[in-house]
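This report concerns only the one structure given below.
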Amino acid sequence: MTTIRTRFAPSPTGYLHVGGARTALFNWLHARHTGGCFILRIEDTDQARSTDASVQAIFEALEWLGVDWDEGPYYQSQRLALYNEHIERLVADGHAYYCTCTPEAIEAMREKARATGAKPRYDGTCRDRGLKSAPGAVVRFRAPYLGTTVVADRVKGAIVFANEELDDFVLRRGDGMPTYNFAAVVDDVTMRITTIIRGDDHVMNTPKQILLYQALGHPLPEFAHVPMVLGHDRTRMSKRHGATSVTAYRDMGLLPDAFINFLARLGWSHGDQEFFTRADLIDKFTLERVGKSAGVFDPVKLTALNADHIQATRPEYLAPHLRPFLAARGWDAADDNYLHGVIATLQPRSKTLDEMAQQAHFYYTEAIELDEKAAAKFLKADSLPPLQALRDQLGELANFDEKALEGVFVKLMEQFELKLGKIAQPVRVALTGNTVSPGIFEIMTILGRDRVVNRLGRAIAYIMNKTP
RNA sequence: GGUCCCAUCGUCUAGUGGUUAGGACGUCGGCCUCUCACGCCGGUAACCCGGGUUCGAAUCCCGGUGGGAUCACCA
């Protein structure tokens, strides 16, 4: 049994977008699931559009996703000699030929064809001229006029193409660079790729590539064309649909595992299961379960899934992911124990890490900013006695833990004949500056006695100051 | 326009001839409760249309319609 070899072959002409990430993920999952090999290849034959910054951006995004490769990265720009060898073979075998038609001439014949309602294709002017290599000459493939080429797709089934739809496409440009279809085939052949998993938008290229495999005398790999990722209006995702770059989601506070889970579930399913850990995905992913129809990228569902992952992840694993968001706000989260406590209280109420950091403000800011409405409603004269009593009793507490705190509050409730809510809200405002927060006993134990007493004192002063 | 692909709640999907068409997100109620969440309970909402095949079609076939992809010396 031959081992599975898959590859992700992005062109470095921008950041890694959501669709590309999913293609990478499916290739990676298929390799990991089968114990195969995942290869990264950079398709940088377009001199004008490829940039090193894009290459770095792709690495960065893949690293964040945790999609690691076993071989590569290979760069097509460094494999020119290899392509040229294959070109020469093809020309020698009669499968390809030199062509000196100018781009203008090609455009003219296309124009003419369109005018008469015919297919805009190369008319074969140089096909049988037996031209030799010349500066600026391109190399074209001698495509068959007759017959059909069928793609046996792992997800779409058999797709039949009439060869007359194809024309003598260019294999090597005038500047000596190979074109995509040619370079991809040579690479997939030499890298011994067994399974080509890629976006739906490549199906039309597949018959051309199959013809090349045949001309080169190589057996075909398996093809699996996965459906596209659409924007909310069901068209191909683009900037106007919101964030499309993978790193944008990292910066929004998504967990890589949640993002991967979401991407996988978009177009792939395993019964009714929605939540998958990374190991789950590797264990359960199969090409057979990939759907045929395109799916809309729904950021709301992504966020909901992220919330699930945040809840399911232990604080110590969340901490490193959260730290950058805390740091961005200028907060020092060096104390691990403290941070883990903070995270535990925020986990059930944060959909993203950014949200979590935002909600952590009172844990890391001593100068609490009182919300005007909250203060007006709860820091009033009538809440002064319980607050004072609470502050005094906290000082005498032997163990500053949730259980003891609860006891203090129960006593306070009896003493002042108040429901817990009547006492808790003023305390909450005193401690956090707002009316919304995790439970007050949790908050108090994490904050610790000193900070709590301090903030209580400030709230008391605030009330006394306001009401003469 | 040619070629190719696709079609189940608003969205992601389960479903492979017989189901009250299931789950999730969203949304709407309710419960829980120290606030907000979480959680729990319940409601809402779908088989694109038309023909066949069959005792019986969301499921199979054909035709429409709709959407998408692609038609380069880009990848």
Side-chain angles (χ1 to χ4, degrees), chain A residues 9-13 43-46 48-50 76 99 101-103 106-107 110 114 117-122 136-140 151 153 156-157 159-162 164-167 169-181 183-184 199-207 225 227-228 230 232-236 262 265-275 291-305 307-308 311 345-351 359 374 378 406 409 413 419-429 432 434-441:
Chain A
S11 60
T13 54
E43 308 220 327
D44 55 354
T45 54
D46 185 344
R49 297 199 303 151
S50 298
Q76 289 190 323
C99 165
C101 295
T102 63
I106 307 281
E107 191 42 50
R110 266 198 259 275
R114 264 191 286 265
K119 296 183 202 315
R121 62 217 296 275
Y122 179 64
V138 304
V139 176
R140 284 182 184 277
V151 180
D153 198 274
K156 305 231 177 235
I159 307 171
V160 182
F161 292 89
E164 62 178 345
E165 294 296 329
L166 277 26
D167 71 347
F169 55 94
V170 172
L171 301 180
R172 190 171 69 188
R173 296 186 266 246
D175 65 2
M177 292 298 269
T179 57
Y180 161 73
N181 280 121
D200 222 344
D201 50 338
H202 282 286
V203 290
M204 295 311 226
N205 289 319
T206 312
H225 288 97
M228 309 249 78
L230 273 24
H232 52 74
D233 60 356
R234 306 209 70 96
T235 63
R236 195 189 186 125
F262 177 75
R265 272 296 277 107
L266 217 186
W268 171 84
S269 65
H270 184 265
D272 278 343
Q273 190 173 345
E274 299 281 350
F275 185 95
K292 294 180 176 189
S293 49
V296 174
F297 185 93
D298 179 5
V300 176
K301 183 151 186 172
L302 167 59
T303 304
L305 194 56
D308 289 345
Q311 280 208 71
T345 68
L346 263 17
Q347 270 175 300
R349 50 204 109 220
S350 311
K351 288 190 187 305
Q359 295 174 114
F378 294 106
E406 201 172 339
F409 273 77
M413 287 160 65
K419 296 231 251 186
L420 181 53
K422 289 291 180 191
I423 304 177
Q425 280 306 79
V427 172
R428 191 185 313 283
V429 175
T432 72
N434 221 311
T435 54
V436 175
S437 84
I440 48 172
F441 303 139

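Just so it is clear, the model here is predicted, and its values are computed rather than measured. So that the names make sense, note that chain A is the first sequence line, chain B the second, and so on, each numbered from 1.
For the P atoms, the distance from B:C38 to B:C61 is 44 Å, rounded to whole Å. Rounded to a whole angstrom, the distance from the C1' atom of B:A21 to that of B:G63 is 26 Å. To the nearest whole angstrom, the two C1' atoms, one in B:G39 and one in B:A58, are 35 Å apart. Annotation: B:U8 and B:C48 have their C1' atoms spaced 11 Å apart (nearest Å). Of the C1' atoms belonging to B:C25 and B:G67, the separation is 23 Å, rounded to the nearest Å. Taking atom P in both B:U59 and B:U19, one finds a spacing of 13 Å when rounded to whole Å. Using C1' as the reference atom, B:U53 and B:A57 are 10 Å apart when rounded to the nearest Å. Spacing of C1' atoms, B:G50 relative to B:C9, comes out at 23 Å, to the nearest Å.
The side-chain heavy atoms of A:Arg349 and A:Gln311, taken from C-beta on, include no pair separated by under 4.5 Å. A:Thr179 has its side chain out of reach of A:Arg172: every pair of non-hydrogen atoms, C-beta onward, lies at least 4.5 Å apart. Two residues are said to be in side-chain contact when any heavy atoms from C-beta on lie closer than 4.5 Å; A:His225 and A:Thr206 meet this criterion. Annotation: side chain of A:Val170 is not in contact with side chain of A:Tyr122 (no heavy-atom distance under 4.5 Å).
Judged by Watson-Crick or G-U wobble contacts below 3.5 Å, the nucleotide B:C47 has no partner. In this structure, B:C31 forms a base pair with B:G39, meeting either the Watson-Crick or the G-U wobble geometry with both donor-acceptor distances under 3.5 Å. With a 3.5 Å ceiling on both atom-pair distances, the Watson-Crick or G-U wobble partner of B:U65 is B:A7. A 3.5 Å limit on both hydrogen-bonding distances identifies no Watson-Crick or G-U partner for B:U54.
Of the possible donor and acceptor atoms, none in the side chain of A:Ser269 sits under 3.5 Å from a partner among the backbone N and O of A:Gly271. Judged by distance alone, the side chain of A:Arg121 and the main-chain N or O of A:Leu166 form a donor-acceptor pair under 3.5 Å.
Contact annotation: A:Thr179 side-chain N/O to B:A75 OP1/OP2 distance is not under 4.0 Å.
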Report task. Summarise how protein sits on nucleotides 1-15 of chain B as a single string, 5' to 3': B when a protein heavy atom is under 4.0 Å from the base, S for sugar-phosphate-only contact, - for no contact. Result -> -SBSSSS---SBSSS

Query raised in the report: If the sugar-phosphate is the primed atoms plus P, OP1 and OP2 and the base is the rest, what is the B/S/- string for nucleotides 33-47 of chain B, using protein heavy atoms under 4.0 Å?
Result: -BBBBS---------

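Taking 4.0 Å as the cut-off between side-chain N and carboxylate O, A:Asp200 and A:Lys156 count as a salt-bridged pair. For the pair A:Arg114 and A:Glu107, the salt-bridge criterion is met [side-chain N within less than 4.0 Å of a carboxylate O]. Between A:Arg49 and A:Asp44, no side-chain nitrogen of the basic residue sits less than 4.0 Å from a carboxylate oxygen of the acidic one, so the salt-bridge criterion is not met.
Among the atoms of the strands shown, base atoms are found under 4.0 Å from some heavy atom of A:Val138. Counting any heavy atom pair closer than 4.0 Å across all strands shown, A:Arg236 reaches sugar-phosphate atoms only and no base atom. As judged by a 4.0 angstrom heavy-atom cut-off over every strand, A:Thr303 is placed among residues making no nucleic acid contact. Using a 4.0 Å heavy-atom cutoff across all strands shown, A:Arg114 reaches no nucleic acid atom at all.
With rounding to whole Å, A:Arg140 atom CZ is found 6 Å from B:C73 atom P. Between the P atom of B:G66 and the CG atom of A:Asp233 lies a distance of 18 Å, rounded to the nearest Å. Going from atom CG of A:Asn181 over to atom C1' of B:U70 covers 12 Å, rounded to whole Å. The separation between A:Asp167 atom CG and B:U70 atom C1' is 13 Å, rounded to whole Å. If you measure from atom CG of A:Leu171 to atom P of B:C73, you get 11 Å, rounded to the nearest angstrom.
Ring orientation note: the planes of A:Phe297 and A:Phe262 are nearly perpendicular, at an angle over 60° on the 30°/60° scale.
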Query - side chain to side chain donor-acceptor pair (under 3.5 Å) assessment of A:Ser350 paired with A:Gln359 - result: CA-CA 8 Å; A:Ser350 311; A:Gln359 295 174 114; 2.7 Å; yes

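Residue-to-nucleotide contacts include a donor-acceptor pair under 3.5 Å from the side chain of A:Asn205 to the base of B:A75.
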